[in-house]
Amino acid sequence: VGYKPSYGTLPCVGAKAISESFDTVGVMALTVADAALVVGALSGRALGLPPEPAAPRLGICLTYEWPAALPETVALFDALPRLLERAGARPTLLALPGAFAGLAEAQGTIWVFEIARCLVEENRRFRERIREPLRGMLDDGAAMPIAEYDESLRRLRECRAALAAVFDGLDALVVPSAPGEAPDVATTGDPIFNRAWSALGAPAITVPAGAGPSGLPLGVQIVGLPGQDARVLACAAWVEAAL
């Protein structure tokens, strides 16, 4: 289980800054309950799970990044409504407003702009030790026009303002967490399905959901409104048990 709390829940003091707009401290744990316990203890917030959470109101959202999904994720989300219904939920299919179509790209623009400034000293002093693709990313960020950065921030503000309406009548969304099964090499993988929720500062929890064609794990991501971590964790615990 991977849990990234709402932006600002845990302090980033002591961590190397990469992006002041998105940097968030999260946890990895064996269960949703364990993740809630750790973040609750560190933040001083009541994130404990109810002993028997009722079937939550869930929306299944493929997101605008769905073309990046690999066959195993497509098959998982084809089966997901039946799996959740079997456990007692009545999930609804949900499409995000049009403004969200460019949000992942806007997040990438903001991130590249900010990482170039957060690592400017490292790039100046140790450039020969920085490998691609990071070196090129730092160059792109340093050369990016401020107007491009500001336009991406504007898109982000627009989507944040529209987010509450997306969750009207729902406790959480169930969305893809990665294009496919876990990679078999030392990499953090492709973040395409995480970018929008990072940009929004939303709580996001990935729970196990079977295995892919190579036997490596698949997951689904449960997301909610910023600040509603306790509710999202309860929904994630329910989905965790259902799957």
Side-chain angles (χ1 to χ4, degrees), residues 1-12 15 18-19 21-40 42-43 45 47 49 53 56-66 68-69 73 76-77 80 84 91 94 96 100 103-108 110-111 156 159-160 162-164 166-167 170-180 182 188-209 217-243:
V1 171
Y3 168 35
K4 184 162 69 171
S6 295
Y7 178 83
T9 298
L10 296 177
C12 291
I18 296 296
S19 168
S21 295
F22 306 134
D23 284 352
T24 303
V25 174
V27 298
M28 299 180 75
L30 288 178
T31 66
V32 174
D34 286 348
L37 174 65
V38 173
V39 175
L42 292 176
S43 67
R45 292 175 169 85
L47 299 180
L49 302 175
R57 301 169 299 171
L58 298 172
I60 297 176
C61 180
L62 301 183
T63 78
Y64 286 105
E65 291 68 59
W66 184 244
T73 294
L76 172 61
F77 273 77
L80 196 57
L84 297 177
L94 181 141
L96 294 170
F100 287 73
L103 182 55
E105 290 77 9
Q107 188 274 343
I110 296 167
W111 194 78
L156 175 54
C159 292
R160 285 177 173 173
L163 191 59
V166 170
F167 284 89
L170 296 173
D171 295 310
L173 297 183
V174 183
V175 301
S177 60
T188 56
D190 186 345
I192 184 63
F193 286 112
N194 313 128
R195 285 182 170 175
W197 311 108
S198 291
L200 295 165
I205 305 103
T206 287
V207 300
L218 286 169
V220 296
Q221 186 174 201
I222 295 86
V223 298
L225 285 171
Q228 294 190 358
D229 289 59
R231 174 182 293 182
V232 177
L233 284 163
C235 292
W238 189 93
V239 173
E240 178 184 43
L243 298 183

* Gap between atom CG of Leu170 and atom SG of Cys235 - 0.5 Å precision -> 9.5 Å

* Pairwise distance CG(Leu173) to CZ(Arg57) - rounded to 0.5 angstrom -> 12.0 Å

* Taking the side chain as every heavy atom from C-beta outward, state whether Asp229 and Val39 have any pair of such atoms under 4.5 Å apart. => no

* **4.5 Å side-chain heavy-atom contact, Glu65 and Pro176** => no

* Asked: side-chain contact (heavy atoms from CB on, under 4.5 Å) with Leu42: which residues, sequence neighbours excluded?
  -> Leu10, Val38

* Examine distances only and state if a side-chain atom of Gln221 and a backbone atom of Trp197 form a donor-acceptor pair shorter than 3.5 Å. => no

* **Any side-chain heavy-atom pair of Val32 and Trp238 under 4.5 Å** => no

* Asked: Of all residues at least two apart in sequence or in a different chain, which pass the side-chain hydrogen bond (donor to acceptor under 3.5 Å, both in side chains) check with Thr9?
  -> none

* Mind checking whether Val223 and Val232 have side chains closer than 4.5 Å, heavy atoms only? -> no

* Asked: Between OG of Ser177 and CD1 of Ile222, what distance do you get to the nearest 0.5 Å?
  -> 8.5 Å

* Structure fact -> Separation between CG (Leu96) and CG (Leu163), nearest 0.5 Å, reads 9.0 Å

* **Separation between CG of Asn194 and OG1 of Thr63, rounded to the nearest 0.5 Å** => 10.0 Å

* Once you round to the nearest 0.5 Å, how far does CZ of Phe167 lie from CD of Gln228? -> 8.0 Å

* Structure fact -> Contacts of Arg160 meeting salt bridge (charged side-chain N to carboxylate O under 4.0 Å, His left out) (sequence neighbours excluded), chain-then-number -> none

